S.K.: 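Just dropping this structure here.
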Amino acid sequence: MAAYKGALIGCGFFAVNQMHGWQDLADVEIAAICDRDPERLRIVGDQFGVTRRYQSADEMFAAGGFDFVDIATTVGSHRALVELAASHKVPAICQKPFAPTLEDAKAMVAAAEKAGIPLMIHENFRWQTPILAVKAVLESGAIGSPFWGRVSFRSGFDVFSGQPYLAKGKRFIIEDLGIHSLDIARFLFGDASRMTARTRRINPAIAGEDVATMLLDHENGITSIVDVSYATKLPEEPFPETFVEIDASEGTLRLGNDYKLTAHGPTGTTQSTVAPNLLPWASRPWHNIQESVALIQKHWIERLAEGKQPDTSGRDNLKTFALVEAAYLSAERGETVRLGDLLG
Ligand code: NAD
Ligand code: 89V
């Protein structure tokens with residue numbers, strides 16, 4: 001019998017990756033699934049052999065029999081579902097973006113802390129193999145102390161065919177994709193104190209912004225640029241690669257096309273390929289993201305076993321989510337926004 005029984009809510013586009021990831025962990029079994037759409041429930045239930053199926057999360061929690069819940073629905077339902085998990089004292093994972101507003105996200109953290117349950121935001125991009133490789137170079141001290149950085153995601157990939165809701169929201173690229181890039185900037189360069197942002201909508205067929213350029217002042221003095229675009233038509237489509245540039249006191253680091261990592265420092269220049277593993281159930285070009293799902297899930301189970309909060313806990317992710325809010329505010333007002341004013 002598996003050591004941990006989980007339940008999953010939301011059997012849509014991305015949840016299939018989460019189901020594969022759970023299936024690969026020997027000590028985890030997904031005991032129940034829930035989706036208000038009976039067709040999605042049937043497809044995922046049949047594919048992964050889950051017989052306990054619910055159209056209502058209330059009914060699934062009332063029936064119980066699981067140690068944690070994995071919430072893979074779109075953002076509008078996140079607060080209600082995390083609060084439901086907290087009311088049943090069930091540890092919860094919630095997909096990004098955390099919540100529709102920062103106030104909702106703060107309420108969700110408060111509910112989880114009051115219930116004494118761990119809450120992890122499924123912020124998986126910092127778990128990508130190439131990003132972990134960048135972090136390892138920084139921690140090795142090989143290039144010294146960073147003073148400038150850039151986290152860049154520029155693509156013309158059609159994300160709307162798989163996720164049609166992305167074309168409809170008033171907010172698009174910062175909330176959906178930039179949120180990952182901003183979290184990577186925090187992961188590599190530390191927390192930020194000020195944000196200055198500019199946005200554009202280039203694709204006339206969508207409602208939200210598809211280009212954003214953000215300047216972050218980090219608390220430790222590092223300046224970083226986080227730039228994201230789904231309107232960038234390159235000769236070779238890099239989706240979903242994140243490029244990183246770092247200038248530091250003793251050298252430089254560049255993570256570029258095809259997962260090529262170059263680190264240059266006093267002891268010389270090293271060039272390596274830090275490509276993600278292609279898991280048996282994964283498919284290109286998504287394999288980088290898919291592997292990071294498996295890695296964050298492993299981290300969740302390890303922390304659950306230790307009784308500790310995960311790295312991307314709700315409280316931690318408030319700081320990433322505040323950067324999203326700050327970017328929209330800054331772009332709207334044409335002003336620099338202080339993070340302290342949002343986080344209190
Ligand atoms: P989707 O619309 O394909 O799937 C969501 C599913 O949730 C649908 O089947 C819907 O019926 C169900 N649902 C919604 N509210 C529900 C409720 N209250 N109770 C039961 N079922 C409910 O969406 P998706 O593309 O799979 O995205 C889901 C989430 O995953 C989003 O928050 C998205 O941002 C995130 N996402 C994350 C990554 C990543 O790399 N971390 C990648 C893609 C999507
Ligand atoms: O990671 C995500 O949240 C996805 C995608 C990479 C397509 O933007 O929505």
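In listed order, ligands and their atoms are each counted from 1. It should be emphasised that the depicted structure is a prediction, and the values quoted were computed from it without experimental measurement. The basis for the numbers below is simple: all heavy atoms, side chains too, and nothing from hydrogens, waters or symmetry mates.
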S.K.: What are the atoms of ligand 1, with element, lying closer than 4.0 Å to any heavy atom of H78?
M.R.: 32 (O)

S.K.: Tell me, please: is F157 in heavy-atom contact with ligand 2, that is, under 4.0 Å?
M.R.: no

S.K.: Can you name the atoms of ligand 2, numbered from 1 with element, that are less than 4.0 Å from a heavy atom of F125?
M.R.: 1 (O)

S.K.: Tell me: protein heavy atom nearest atom 7 (O) of ligand 1, and distance?
M.R.: G10 CA, 3.4 Å

S.K.: Identify which of L177, D35, I9 has a heavy atom lying nearest to atom 6 (C) of ligand 1.
M.R.: D35

S.K.: Have a look at ligand 2 and work out which part of F160, if any, has a heavy atom under 4.0 Å from it: side chain, backbone, both or neither.
M.R.: neither

S.K.: Quick one: does H180 get within less than 4.0 Å of ligand 1, heavy atoms only?
M.R.: yes

S.K.: Is the distance between the ring centroids of H180 and F153 less than 6.0 Å?
M.R.: no

S.K.: Is it the side chain (CB and beyond), the backbone, both or neither of I289 that lies under 4.0 Å from ligand 1, heavy atoms counted?
M.R.: side chain

S.K.: Would you mind finding which of I296, V16, T73 brings a heavy atom closest to atom 13 (N) of ligand 1?
M.R.: T73

S.K.: Is ligand 1 under 4.0 Å from a heavy atom in the side chain of K96, in the backbone, in both, or in neither?
M.R.: both

S.K.: Which residue owns the protein heavy atom closest to atom 4 (O) of ligand 1, what's the atom, and how far is it?
M.R.: G12 CA, 3.2 Å

S.K.: Of all the non-hydrogen atoms in the protein, which one sits nearest to atom 30 (O) of ligand 1, and at what distance?
M.R.: Q95 CG, 3.4 Å

S.K.: Assign the ring pair W22 / F68 to parallel, tilted or perpendicular, where the plane angle (0 to 90°) is split at 30° and 60°.
M.R.: tilted

S.K.: Looking only at atom types and distance, does a side-chain atom of H78 sit under 3.5 Å from a main-chain N or O of F98, one as donor and one as acceptor?
M.R.: yes

S.K.: Within the side chain of S87, is there an N or O that forms a donor-acceptor pair under 3.5 Å with the backbone of L84?
M.R.: yes

S.K.: For A72, take its heavy atoms, then give the atoms of ligand 1 lying under 4.0 Å from any of them.
M.R.: 28 (C), 29 (C)

S.K.: Is the H122 ring parallel, tilted or perpendicular to the F14 ring (thresholds 30°, 60°)?
M.R.: perpendicular

S.K.: Just need the protein heavy atom nearest to atom 15 (N) of ligand 1, so name the residue and atom and give the distance.
M.R.: R36 CZ, 3.3 Å

S.K.: Is the closest N or O pair between T74 and ligand 1 shorter than 3.5 Å?
M.R.: no

S.K.: If we only consider heavy atoms of F13, is any one of them less than 4.0 Å away from an atom in ligand 2?
M.R.: no

S.K.: Between CG of L188 and CG of L138, what distance do you get to the nearest 0.5 Å?
M.R.: 6.0 Å

S.K.: Using residues 270-286 as the side-chain source, report each donor-acceptor pair under 3.5 Å to any protein atom, sequence neighbours left out, with the distance given to one decimal.
M.R.:
from	atom 1	to	atom 2	distance (Å)
N277	ND2	E291	OE2	2.8
W281	NE1	D24	OD2	2.8
R284	NH1	H287	NE2	3.3

S.K.: Taking the side chain from E123 and the backbone from N317, do they hold a donor-acceptor pair closer than 3.5 Å?
M.R.: no

S.K.: For atom 7 (C) of ligand 2, what is the nearest protein heavy atom, given as residue, atom name and distance?
M.R.: Q163 OE1, 3.0 Å

S.K.: Which ligand 1 atoms, with their elements, are less than 4.0 angstrom from a heavy-atom of D176?
M.R.: 34 (O)

S.K.: Any Lys/Arg nitrogen of D35 or R40 sitting under 4.0 Å from an Asp/Glu carboxylate oxygen of the other?
M.R.: no

S.K.: For ligand 2, does Y230 get within less than 4.0 Å through its side chain, its backbone, both, or neither, judged by non-hydrogen atoms?
M.R.: side chain

S.K.: Considering only heavy atoms, does F14 approach ligand 2 within less than 4.0 Å through its side chain, its backbone, both, or neither?
M.R.: neither

S.K.: Please could you name the atoms of ligand 1 that P97 approaches to less than 4.0 Å, counting only its heavy atoms?
M.R.: 32 (O), 34 (O)

S.K.: Counting only heavy atoms closer than 4.0 Å, does ligand 1 sit against the backbone of N124, its side chain, both, or neither?
M.R.: side chain

S.K.: Is it the side chain, the backbone, both or neither of R40 that has a heavy atom closer than 4.0 Å to ligand 1?
M.R.: side chain

S.K.: Does the Lys NZ or Arg CZ of R171 fall within the cation-pi geometry relative to Y328 - under 6.0 Å from the ring centre and within 45° of the axis?
M.R.: yes

S.K.: Which atoms from ligand 2 have a heavy atom of K96 less than 4.0 Å away?
M.R.: 2 (C), 3 (O)

S.K.: Would the distance check show the side chain of S330 and the main-chain N or O of V337 forming a donor-acceptor pair, the cut-off being under 3.5 Å?
M.R.: no

S.K.: For the pair K96 (side chain) and D176 (backbone), establish whether a donor and an acceptor sit closer than 3.5 Å, ignoring hydrogens and angles.
M.R.: yes

S.K.: Considering non-hydrogen atoms of the protein only, which is the closest contact for atom 1 (O) of ligand 2, and what is the distance?
M.R.: H180 NE2, 2.9 Å

S.K.: Looking only at atom types and distance, does a side-chain atom of S292 sit under 3.5 Å from a main-chain N or O of I289, one as donor and one as acceptor?
M.R.: yes

S.K.: Using a strict cut-off of 4.0 Å, indicate which atoms of ligand 1 neighbour a heavy atom of Q163.
M.R.: 25 (O), 43 (C), 44 (C)

S.K.: Atom 8 (O) of ligand 2: which protein heavy atom is closest, and how many Å away?
M.R.: D176 OD2, 2.8 Å

S.K.: Which residue owns the protein heavy atom closest to atom 33 (C) of ligand 1, what's the atom, and how far is it?
M.R.: Y165 OH, 3.5 Å

S.K.: So, D258 side chain and K260 main chain: donor-acceptor pair closer than 3.5 Å or not?
M.R.: no

S.K.: Is it the case that the side chain of E250 and the backbone of A142 share a donor-acceptor pair, with hydrogens and angles ignored and the cut-off at 3.5 Å?
M.R.: no

S.K.: Please report whether ligand 1 has a polar contact with F13, defined as an N or O pair separated by less than 3.5 Å (distance criterion only).
M.R.: yes

S.K.: Is there a donor-acceptor pair under 3.5 Å between the side chain of R186 and the backbone N or O of D316?
M.R.: yes

S.K.: Do H218 side-chain atoms and G190 backbone N/O form a donor-acceptor pair below 3.5 Å?
M.R.: yes

S.K.: Name the closest protein heavy atom to atom 43 (C) of ligand 1, giving the residue it belongs to and the distance to 0.1 Å.
M.R.: F14 CD1, 3.3 Å

S.K.: Polar contacts were defined as any N/O atom of the residue lying under 3.5 Å from an N/O atom of the ligand; does this apply to Q55 and ligand 1?
M.R.: no

